[in-house]
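Worksheet for the structure shown next.
Just so it is clear, the structure is predicted and the values come from calculations on it, not from any experiment. Residue numbers start from 1 in every chain, and the chains themselves are labelled A, B, ... in the order their sequence lines are given, proteins ahead of strands.
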Number of protein chains: 2
Amino acid sequence: MSRTVPLMLRLSAADPRPITKQIIDGVRRLIASGELHAGDQLPSVRGLAKQLTVNPNTIAKAYGELVSQGWLDSRQGLGLFVAAPRQRLSEAERKRRLQLAIDAFVAEVVGLDYSMQDVLKRIETELAPMLDGRKRRA
Amino acid sequence: MSRTVPLMLRLSAADPRPITKQIIDGVRRLIASGELHAGDQLPSVRGLAKQLTVNPNTIAKAYGELVSQGWLDSRQGLGLFVAAPRQRLSEAERKRRLQLAIDAFVAEVVGLDYSMQDVLKRIETELAPMLDGRKRRA
DNA sequence: AACTCTGTACTACTACAAATAGTACAGTAC
DNA sequence: GTACTGTACTATTTGTAGTAGTACAGAGTT
């Protein structure tokens, strides 16, 4: 199964995250949710740069990060492809990242006056499509 | 009930958040968890700056933000005090912030290979002390 | 071989945010 | 007055994000 997809990605100026992070998160989300499958080819660095009207360097940086995290495989002269599911982060690093994410989330939500039930329900709704979209990463 | 507390706050160089945000989140957490009560006096701008070995301007900025968010009240010449519980954010703003927090959290957690149950349990554990530490904000 | 696509690696420059440093001023208490 | 409080400035430094431009190597097509 190998396709070339137009990559449904939107950048938002309202989003406080830097462009590079928006792209990284966006691609990761598309893969995790199963909208992109292992072997699929991604838009070229220059192509996506033109599509999103950002600098090619910015795309290259985001792609490079995704490669080093094991989400993409790069083949010189050919392009970038969605990698087979695998886990490149150490157990300690995974644990550390989860802790950071939870701390940041709690810090943001404190004082917003939402009940525990509301918060958990929302998390569940948004997270569910990301967890079963692709096989469990080895 | 009015106390002057030494403010148990630690800054971490490992924490990716800027100093100002670490202080804002830290104070908000102390209030939400009930470690600081309405009326309690906070360390002075210069005092906390010395304690944390950061610039007084940085503390003043953090305190200023907390005042504008309604967490603290300022009395010229006297100091800063924990405000009575109230909600200064509009319904739309609260909703927006929750959405941003959830989006950011999901983006970080995707690919870490944690089960839904694990994630929800962790959130519940860390968030619980923040929700019942003080009366519901009007 | 020539051409054109791919990723990758640089340097240089600009823009912006965070933090520091220093000064100054107004309000409160002793 | 003196010594604390918060607050408001300006100036400077530092680090990061993004843009701009160039260059090079690998792969496929003609």
Side-chain angles (χ1 to χ4, degrees), chain A residues 2-7 9 11-27 39-83 104, chain B residues 2-7 9 11-27 39-83 104:
Chain A
S2 194
R3 311 173 305 158
T4 306
V5 290
L7 243 217
L9 258 188
L11 295 184
S12 165
D15 197 317
R17 289 175 297 183
I19 299 177
T20 304
K21 185 150 184 53
Q22 288 190 49
I23 295 170
I24 293 174
D25 289 348
V27 171
D40 286 353
Q41 180 170 18
L42 278 81
S44 72
V45 168
R46 294 169 182 82
L48 185 57
K50 190 170 185 180
Q51 173 189 327
L52 300 179
T53 57
V54 298
N55 195 281
N57 291 333
T58 305
I59 306 292
K61 190 178 173 186
Y63 276 172
E65 181 65 23
L66 286 164
V67 168
S68 78
Q69 287 181 11
W71 293 88
L72 302 181
D73 287 331
S74 135
R75 285 193 267 165
Q76 261 283 37
L78 284 181
L80 290 153
F81 304 84
V82 176
Chain B
S2 195
R3 310 173 305 158
T4 305
V5 289
L7 242 217
L9 259 189
L11 295 185
S12 165
D15 197 318
R17 289 174 298 182
I19 299 177
T20 304
K21 185 150 182 55
Q22 287 189 50
I23 296 170
I24 293 174
D25 290 348
V27 171
D40 285 354
Q41 181 169 18
L42 278 81
S44 74
V45 168
R46 294 169 182 82
L48 184 57
K50 189 169 187 182
Q51 173 188 327
L52 300 179
T53 58
V54 299
N55 194 281
N57 291 334
T58 305
I59 306 293
K61 190 178 173 187
Y63 276 173
E65 181 64 23
L66 286 165
V67 167
S68 77
Q69 287 181 10
W71 293 89
L72 301 181
D73 286 331
S74 132
R75 284 193 269 167
Q76 260 284 36
L78 284 181
L80 290 153
F81 303 83
V82 176

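In terms of phosphate contacts, Ser44(A) brings a side-chain nitrogen or oxygen within less than 4.0 Å of OP1 or OP2 of dT6(C).
If you check distances only, the side chain of Arg75(B) never reaches the base of dG27(C) with a donor-acceptor pair under 3.5 Å.
Between Glu65(A) atom CD and dT16(D) atom C1' the separation is 15 Å, expressed in whole Å. One atom, CZ of Phe81(B), and another, P of dT5(D), lie 11 Å apart when rounded to the nearest Å. Rounding to whole angstrom units, NZ of residue Lys61(A) and P of dT11(C) are separated by 15 Å. Atom CG of Leu78(B) and atom C1' of dG27(C) are 8 Å apart (whole Å). For the pair Arg17(B) CZ and dT16(D) C1', the computed distance is 19 Å after rounding to whole Å. For Arg46(A) and dG21(D), the CZ to C1' distance is 12 Å, given to the nearest whole Å. Atom CG in Asp15(B) sits roughly 14 Å away from atom C1' in dA18(C) (whole-Å rounding). Atoms CD1 (Ile24(B)) and C1' (dA19(C)) sit 14 Å apart, rounded to a whole Å.
Looking at heavy atoms from C-beta onward, Ser44(A) lies out of side-chain contact with Tyr63(A) at the 4.5 angstrom threshold. Looking at Thr20(A) and Glu65(A), their side chains never come closer than 4.5 Å, going by heavy atoms from C-beta outward. In this structure, the side chains of Trp71(A) and Val27(A) stay at 4.5 Å or more apart for every pair of heavy atoms. The closest side-chain heavy-atom distance from Ile23(B) to Leu11(B) is below 4.5 Å.
Minimum atom distance to the side chain of Gln76(A) is reached by dT8(C), of the listed dA20(D), dT8(C), dT20(C). Across dT20(C), dT7(D), dG7(C), the shortest atom-to-atom separation from the side chain of Thr58(B) is found for dT20(C). When the nucleotides dG6(D), dA19(C), dA27(D) are ranked by their closest atom to the side chain of Thr20(B), dA19(C) comes out on top.
Between Gly47(A) and Pro18(B), the residue anchored nearer the 5' end of DNA chain C, judged by the nucleotide with its closest heavy atom, is Gly47(A). Comparing Asn57(B) and Val45(B) by the nucleotide of DNA chain D whose heavy atom lies nearest to each, the residue mapping closer to the 5' end is Val45(B).
Taking all atoms of both residues into account, the shortest heavy-atom contact from Leu80(A) to Ser74(A) is CD2-CB, 3.3 Å.
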